[in-house]
Number of protein chains: 6
Amino acid sequence: MAFLSMDLPELRKHRPERTEPDDFDAFWADTLAAARAVPARLDTAPVATGLSTLTVEDTTFPGYGGQPIKGWLVRPRDAEGPLPAVVEYIGYGGGRAQPHDHLLWASAGYAHLVMDTRGQGGAWSTGDTPDDGPGAGPAHPGSMTRGVLDPATYYYRRLYTDAVRAVDAVRTHPGIDPGKVLVAGSSQGGGLALAVAGLVPDLAGVVAGVPFLQHIRRATEITDAFPYKEVAEFCKVHRDKVETVFATLAYFDGLHFAARATAPALYSVGLMDEVCPPETVFASYHHYRGPKDIGVYPYNGHEGGGSHHVPAALAFAASVL
Amino acid sequence: MAFLSMDLPELRKHRPERTEPDDFDAFWADTLAAARAVPARLDTAPVATGLSTLTVEDTTFPGYGGQPIKGWLVRPRDAEGPLPAVVEYIGYGGGRAQPHDHLLWASAGYAHLVMDTRGQGGAWSTGDTPDDGPGAGPAHPGSMTRGVLDPATYYYRRLYTDAVRAVDAVRTHPGIDPGKVLVAGSSQGGGLALAVAGLVPDLAGVVAGVPFLQHIRRATEITDAFPYKEVAEFCKVHRDKVETVFATLAYFDGLHFAARATAPALYSVGLMDEVCPPETVFASYHHYRGPKDIGVYPYNGHEGGGSHHVPAALAFAASVL
Amino acid sequence: MAFLSMDLPELRKHRPERTEPDDFDAFWADTLAAARAVPARLDTAPVATGLSTLTVEDTTFPGYGGQPIKGWLVRPRDAEGPLPAVVEYIGYGGGRAQPHDHLLWASAGYAHLVMDTRGQGGAWSTGDTPDDGPGAGPAHPGSMTRGVLDPATYYYRRLYTDAVRAVDAVRTHPGIDPGKVLVAGSSQGGGLALAVAGLVPDLAGVVAGVPFLQHIRRATEITDAFPYKEVAEFCKVHRDKVETVFATLAYFDGLHFAARATAPALYSVGLMDEVCPPETVFASYHHYRGPKDIGVYPYNGHEGGGSHHVPAALAFAASVL
Amino acid sequence: MAFLSMDLPELRKHRPERTEPDDFDAFWADTLAAARAVPARLDTAPVATGLSTLTVEDTTFPGYGGQPIKGWLVRPRDAEGPLPAVVEYIGYGGGRAQPHDHLLWASAGYAHLVMDTRGQGGAWSTGDTPDDGPGAGPAHPGSMTRGVLDPATYYYRRLYTDAVRAVDAVRTHPGIDPGKVLVAGSSQGGGLALAVAGLVPDLAGVVAGVPFLQHIRRATEITDAFPYKEVAEFCKVHRDKVETVFATLAYFDGLHFAARATAPALYSVGLMDEVCPPETVFASYHHYRGPKDIGVYPYNGHEGGGSHHVPAALAFAASVL
Amino acid sequence: MAFLSMDLPELRKHRPERTEPDDFDAFWADTLAAARAVPARLDTAPVATGLSTLTVEDTTFPGYGGQPIKGWLVRPRDAEGPLPAVVEYIGYGGGRAQPHDHLLWASAGYAHLVMDTRGQGGAWSTGDTPDDGPGAGPAHPGSMTRGVLDPATYYYRRLYTDAVRAVDAVRTHPGIDPGKVLVAGSSQGGGLALAVAGLVPDLAGVVAGVPFLQHIRRATEITDAFPYKEVAEFCKVHRDKVETVFATLAYFDGLHFAARATAPALYSVGLMDEVCPPETVFASYHHYRGPKDIGVYPYNGHEGGGSHHVPAALAFAASVL
Amino acid sequence: MAFLSMDLPELRKHRPERTEPDDFDAFWADTLAAARAVPARLDTAPVATGLSTLTVEDTTFPGYGGQPIKGWLVRPRDAEGPLPAVVEYIGYGGGRAQPHDHLLWASAGYAHLVMDTRGQGGAWSTGDTPDDGPGAGPAHPGSMTRGVLDPATYYYRRLYTDAVRAVDAVRTHPGIDPGKVLVAGSSQGGGLALAVAGLVPDLAGVVAGVPFLQHIRRATEITDAFPYKEVAEFCKVHRDKVETVFATLAYFDGLHFAARATAPALYSVGLMDEVCPPETVFASYHHYRGPKDIGVYPYNGHEGGGSHHVPAALAFAASVL
């Protein structure tokens, strides 16, 4: 896909109006309070991987509704003392995959928790965490419209809460320095990182690559690509529920979390990304309240900076952890 | 798609081996017994449609787990005495849609119950029935792999049971002759009709158009079309669970139901159908135990006979009801 | 397809200039006068359908050049006295199809004439009416460019005339109230309904769903979708005849008919419709001279409101018939 | 498209059964006799082309029904005495195009008549000849199903007759040696050349590149490519007319003409041709009754030998003219 | 593709800023001086073609680095005295192809040199000239990024030089009038013709059909079509070299050559051309310094005017040669 | 893509005839002898990566013609004594990419040399090694047909030699145990590993995932996927050089190397792989002369076992190193 309607100079100043529900903060305060009724913990079990420089543990922590959320904890084998930690979230449709898929952050000296994604993990990488929640009503295939007719039952209420609880969980681990936690992810993972940044006040940093779930309604109007398209497809069938759908999604739009977040953030964007259009990424970036920087990749789509962006991410992490 | 590997003469005699689980009958006997612990009933509420020759009622009956399953009951406005009934199931991804979508069978003088499809109804027509069941683990988007790692949690255990309970329900209605019930549907609806025909002994007839869910494993090997492809995609990701998946699916393959069914049946098939390949439809047809006929449409895909097949279906219904 | 260049607020006020041929009215007055030299009549023959609440008749009436145009007349079986009538036109590429495809309007109590489409009926539904007319010269496959080098030989001159003559015909039928005739259709059918509304002064109402043939030249510039694309493809080959083509099409553009129509009209539009782009539908709507309303479906393509729009159409019909 | 089901050794001996109508010869004898009631002639008018080595004339000759068929006659400017002639037919969807598109044969010293294709010429090159014939009934877009429900009204009855009459016409021209006429064409043009070879006994030669219209029913079963697909699409809609369609096409299948042709022939075939599958070309080749050769292009599709085949065609022409 | 963002009135005045390297002229002066150290000559060898009105010779001339560049010289067989000449360049991916592919210009009375394209000729027509040059580093498949990290090693430095040397070569031939040389080509061939027009001061004329290599950076931002896309794909992978790439391409952008060219020029453009977007063609046209005209084809893509444009090109050639 | 023509039982015994050139061994002996005239060495320079458990060095070694070939050497930071080594080759179109892309093998305790791919590295990952060799003649875009008209100039002669020289180079490094070298790769990388296994007698093991370059001619006949398709496309244009092309490729077909290889090998295959069809992988596997095993992934395409195959590969490496 060639450059979208806005060119880079326009994107550089694109900061659209945002309108959030009056009870946005109350909704999330209530949601998190309910989840935190179950104390945070991080259960671990060793995994035999054949790796010699790193250890991997199969982890479980209580997420939304106290439900057990799986993950991998990867650490340098010979680390001493509590380590700074990276909590990573996964892109849409995937799960925590295999241990060997997660070698970077621990090889750089961090404790690395990869959170599994409830109910996903069937499309491109394996997952191990069911989505035991309400909202099993008619939905477009995929997760984007599961329970979307009510904020209380919407899938991402559960997943965003899991993401917050992952931070709570790593902070209880004796090998991790609770004051040095960075959240990271790309696409949906970037969207989750931004949501957590708006809900957890004392993070060390945020790495949000080509983030999804930003300026959602606008995205459904300008791209035909999935997964935003799942919302459009649902609205196509449920013609009478369009406003209901977007009333729910207003509680989950990354713009509102960005506007609350204060930790230093590193965004990235591909100017030819039709999955997460640059217009939506810059909309989020310009509403982000904390210190921030953005890696711009002009000829890239949703792959964004790829492994070219890794040195920047490692340098950013080193600067804040 | 042009003609598939088998030509018509080969299809005319294609009756592959089938291997069913030893406890197939026990599995279904237990499943239905549990569901039938809730007595059958059909609750109805009138719907204002602007139609003058027909009446439509919004219906609810207890399905799997006694959960409320929605439907429409459409009848000729001036009918006297109990009517013979057609219970219809919907194709994959759709729900019961709108009342005006279901005028045929009642205009022909029958009571017509359209069963909603739990948890579907987001892809091409609206639905109103949630899927409140177990098996919310990682799955490929869509319904085909929901809970597929165990027959007890598999989505179609609940849906097949709903379909049986729909027959139970209409038989309780005073305006319907319980001895004259025909089940019908196309694609997934045809697969459901065949499953019910194998599970309910005293049906008057079965209309199964281009039926889905027949010879499932073979289908995943010969077509790239969805929804069979959902199973292949799941197996592509979950490389270690291929045999587990097909062990579950063996309890749901239409060939085993066809081999038990005794009511007269009218099949149809499109010889260029890549969604439900003709090889799988003929496999089912040749295992079908009762009296049977099949409408063959050589240049058609999954649309099969379309409205050209309606006179044949009406004539068949008239002959058995 | 995501939202087109214009967003809804822009569409809500989009009323482009229109330029009609000086002899537009004379052209059509001459054309209709010639056709009406053959007296209107509606010949009917009963059809056995297996339906009990409705009757269907196979009909023939004189169209352009007095040529016999087929149709179906569907009526409630037990109606008494002359009924209000709905004359329906079919979408591009289809014909009158099968009787069972047309149950809605009669089930709602109206006499329903479905007009066959001359020379179409090979692409998605069957037709029974040949196009015996001039203009058999080189054309792009399809009907859009048949005879397009001269308004006198253009295909739609014949088809628009047929559509007017269908209204003339139903008004001669003793079971129909000639003062209560509504014309209806979607896509090409909607375009025909609007053309008739501009040519027949005393209609009771017009239902034009996602109408085709509106602002034609503009459409060929902004969409790659067929059938507008047939015109573009013809111009691509016949580079020297572009202006000739559009000089002909100016006699057939729905904007000019809309500007003459006075009967109450119900339009509909899908904001993601690339077959009949919303810009062209609103262009027609805003030039429509009579009372009007429009159903807007933001996430829909050419399917528009689908069966969700049926209650609105029935209510509109009830209000004007 | 990779190699089709048959590999080259199988193709080298593929000679399927063919079944022709009992009155095949009578049908064509009657058809041609009727056409020949109008005496052959070739009217010419000079065309200014800016070319100095060649002359081009705009030609007209009587075809089916005596209707005027256009063409171009291209000749070396300084030729003396009657020349041998090449009569060329055009591929599907195109017309005679522009004079500058036809320089080869005349540059090689032949008189070259390019026959326009009635009613085509809108898809990829311009044409100037209308199809004024019967059979304007519902048809799939394109020419393949125009009038296909009856051999008498089928489009190709008229076009095959035109092709025969083109040979009759060139033979009347004083600048052409009537004993030295070769017919040539590719795709539909090759099919026409083969038909003429089966209907005109004293041709000097036939060049049939990747010929269309050979083993038609088989083709509709094994390829999804147009224009054979037009027949399949028509049968898809007109489910009740499949046998009628193929009863008509039996009068037009190239296999039956090939079995009657005696002039030396040069075929060509691309082994990856999905438009005219190699199986159908070899079927024709092996039934061809006269001396024959075939150029086989293993990695080519419908482009066949392209300009690589030109030297072979020129050498073949030189050997028979 | 429907009309692009700019409509025709906007295109008619589109003359974007252009920024050329300071040493643009020096770069090319040095490049050509080095190449011209090898004296121009045109070696010819007769080719047997079977043609009687034309002669074809297999030619070789020294190009960049004195490397032997192949071509065909086609002339009227009976020409007397030196002829005006047309030097033609080929479109992207092709080579000089076969002699029979080049009959037009010689049939119109010109000497016609078709230059082969070094290292291309594998994609759609055959070539016979290797690219023996530096710059074999990692590149996107195709020629567009071969050696692109340095103007000195970039592929088009060699090819543009070959194109200039082709003019030098034909001027040495005794059968050609050196004062009457026109350069011509379409797509890449048009881009080469424009580059030569900016580098060789005394040409008689330029025919540049739908020219490629104009306003290159802009093209990579607005189209997804190859071959501009090759540059975008390279930049997608080599994220750190985007500015280096465009610094090189600035020496090769047709806008800068157009701004220097003084010979009369005939451009053409297709308004729906996504390969060479009309915006880039008009950008070049409006910077062209000499007398100029442009053929505009509103409903055409990259085929532009096709053979409809031939009379205009012949007339233009006749007016300047 | 669904299952190919052969099913698994057939594949399990598929061992087609293979025909190798008489001078196959001489060709390779001469080629390697010439290359080895330059002594093996591995130059290294440290790279700052931000990693704490591993070290990465930028490496250079002499390949074909002594040309400098780049690579990365990744090792555990705290390793003592010479390590066993894995030499890895990259898939088609990519280069050595970034250091952070190669963490697995070193994290498992091995010295890991990633060889860059000459002249590739522009399509999906960056490369840094030019292809300075002969054979710059016309070729299809990509590497598959570069210099393909002569075995001496063919691209893969140079690349296969580089791959052998990579093994020579690592064996000179003091931190590596020269008796414990395993070669590995997927797709083209797997093909290179197999070629090296047939040319270097004393390897410890071979890991060949979904290997490319096996049974090449057959592959070009049964798949439309690139890069095998590059050969087919070249043959499509160069119709007269088909046999020349395959005469060259016979020196490079993996079947002949497999038949000479004696080290233990681990293959893998995806049964729905259309890039490297399973038929070609099994053909190689069954000709492989040494001890062997194969991981079969029935529902996978060219991704094969993905990270699910990593434990098997690590276990295999541990068993042979």
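Letters A, B, ... are given to chains in the order of the sequence lines, protein chains preceding strands, and every chain is numbered from 1.
A donor-acceptor pair is defined here as one N or O able to donate and one able to accept, closer than 3.5 Å; no such pair exists between the side chain of Arg239(F) and the backbone of His308(D).
In terms of heavy atoms, Met272(D) sits closest to Glu221(F) at CE-CA, 4.5 Å.
Around atom CZ of Arg289(D), no more than 12 heavy atoms belonging to other residues, nucleotides or ligands sit under 6.0 Å away. The neighbour count for Asp22(F) CG, taken as heavy atoms of other residues, nucleotides or ligands under 6.0 Å away, does not exceed 12.
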Let's go through Tyr299(D) and Val237(F) carefully: what are the C-alpha distance in whole Å and the side-chain angles of both, what is the deciding distance for side chain to side chain contact (heavy atoms under 4.5 Å, CB included) to 0.1 Å, and is it a yes or a no?
CA-CA 9 Å; Tyr299(D) 286 90; Val237(F) 174; over 6 Å; no
